[in-house]
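The structure under discussion appears below in the form of structure tokens.
Here is the naming used below: chain letters follow the sequence lines, and residue numbers restart at 1 for every chain.
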Number of protein chains: 2
Amino acid sequence: MLNQSTTLDLTFQALADPARRAMLERLSTGPASVSELARPFSMSMPAVLQHLAVLETAGLTLSRKSGRVRTCEINPQALSTAQDWLAARRAEWEHRLDRLEAYLIELQNKDQGNG
Amino acid sequence: MLNQSTTLDLTFQALADPARRAMLERLSTGPASVSELARPFSMSMPAVLQHLAVLETAGLTLSRKSGRVRTCEINPQALSTAQDWLAARRAEWEHRLDRLEAYLIELQNKDQGNG
DNA sequence: TCTACAGTTAAGCAAATGCTTAACCAATCA
DNA sequence: TGATTGGTTAAGCATTTGCTTAACTGTAGA
């Protein structure tokens, strides 16, 4: 098991490329072979393989080879680490904004009391 | 307004670096100056500036300069684009798994009927 | 068996990243 | 006014990334 920081590095890095996100979008509707994943792109096969390796290393996809066909699919546990991190950041600053708002309302009420 | 793909590229790319994530974590608890953000790192000032530029270009942070101090803060609208994309992917393949499960249960019931 | 298909490996290259040092500007403060 | 603080710019450099072409392996079908 890799540490949290490295997992996030690999995950966000993998998601930072439009070709890799397109592949993930395709895979999120069901498994696909390497050449099926390659089809929408005007990119050499080795380039596609490299993108798939990035996704798999990040733990976002899984693949198995049967005969001469390699079938790729989404790793069901994936994405959640990234989602969790984003949700945590969001929760923190929303909490802060809530407190700020509460403080400003409190100030306003005091002002009215003094007016 | 940039197109969706470019926004996602910049956002995920920005989030792919542990130093930038640490800065965002700090900022999610409230605004901070550049040198305050730099303090936890053994990194030159220009390096910190570059990380902050990446965050700001991705729209994840905002900053304003007053006197000689630049104050940075989270851009409240940020993160949501990334979160939305992740949530959509997740919804798609969970939907697919649900259908697969339903199909398998159906098969099982038919088998029992035939047994 | 021979041929085509699906995938893989290796080598190389241009551009992008993440960092450094050095020099510099502008706002405070003694 | 002169030193210090906070930030900025420019230039350079090693590494990584994303791609290419060329050569190759293993499987399947005629």
Exercise. Donor-acceptor pair, Thr11(A) side chain versus Leu8(A) backbone, under 3.5 Å?
Worked result: no

Problem set entry | Heavy-atom pair with the smallest gap, counting every atom of Ala14(A) and Arg20(A) | O-NE, 2.8 Å

For this session: Take atom CZ of Arg70(B) and atom C1' of dA27(C), then tell me their distance rounded to the nearest Å.
Result: 14 Å

Exercise. If every non-hydrogen atom of Leu79(A) is compared with every non-hydrogen atom of Leu86(B), which pair is closest and at what distance?
Worked result: CD2-CD2, 3.7 Å

Seminar exercise, completed: Looking only at heavy atoms, the pair that brings Ser63(B) and Glu56(B) closest together is OG-OE1, 3.1 Å

Problem set entry | Test log, rule side chain to side chain contact (heavy atoms under 4.5 Å, CB included), inputs His51(B) and Phe41(B) | CA-CA 12 Å; His51(B) 282 304; Phe41(B) 300 100; over 6 Å; no

Problem set entry | Aromatic Trp93(B) / basic Arg89(B) pairing, under 6.0 angstrom, 45° off normal | no

Exercise. Rounded to the Å, how far apart are Lys65(B) NZ and dG7(D) P?
Worked result: 7 Å

Exercise. How close or far is atom C1' of dC25(C) from atom CG of Leu49(B), stated in whole angstroms?
Worked result: 13 Å

Exercise. In degrees rounded to 10°, what angle is found between the helical axes fit to the five outermost pairs at each end of the helix from dT1(C)-dA30(D) to dA30(C)-dT1(D)?
Worked result: 10°

Exercise. Can you name the one residue among Val34(B), Leu52(B), Leu37(B) that meets side chain to side chain contact (heavy atoms under 4.5 Å, CB included) with Arg70(B)?
Worked result: Val34(B)

Exercise. Separation of Leu52(B) atom CG from dT9(D) atom C1', in whole Å?
Worked result: 15 Å

Seminar exercise, completed: Per-nt protein contacts along nucleotides 12-28 of chain D (heavy atom under 4.0 Å; B base, S backbone sugar-phosphate only, - none) come out as ------SBBBB---BBS

Problem set entry | Arg64(B) CZ to dG7(D) P, straight-line distance once rounded to whole Å | 14 Å

Exercise. Rounded to the Å, how far apart are Phe41(B) CZ and dG18(C) P?
Worked result: 13 Å

For this session: Evaluate side chain to side chain contact (heavy atoms under 4.5 Å, CB included) for Leu55(A) paired with Leu24(A), printing each intermediate quantity in order.
Result: CA-CA 8 Å; Leu55(A) 289 171; Leu24(A) 268 187; 4.0 Å; yes

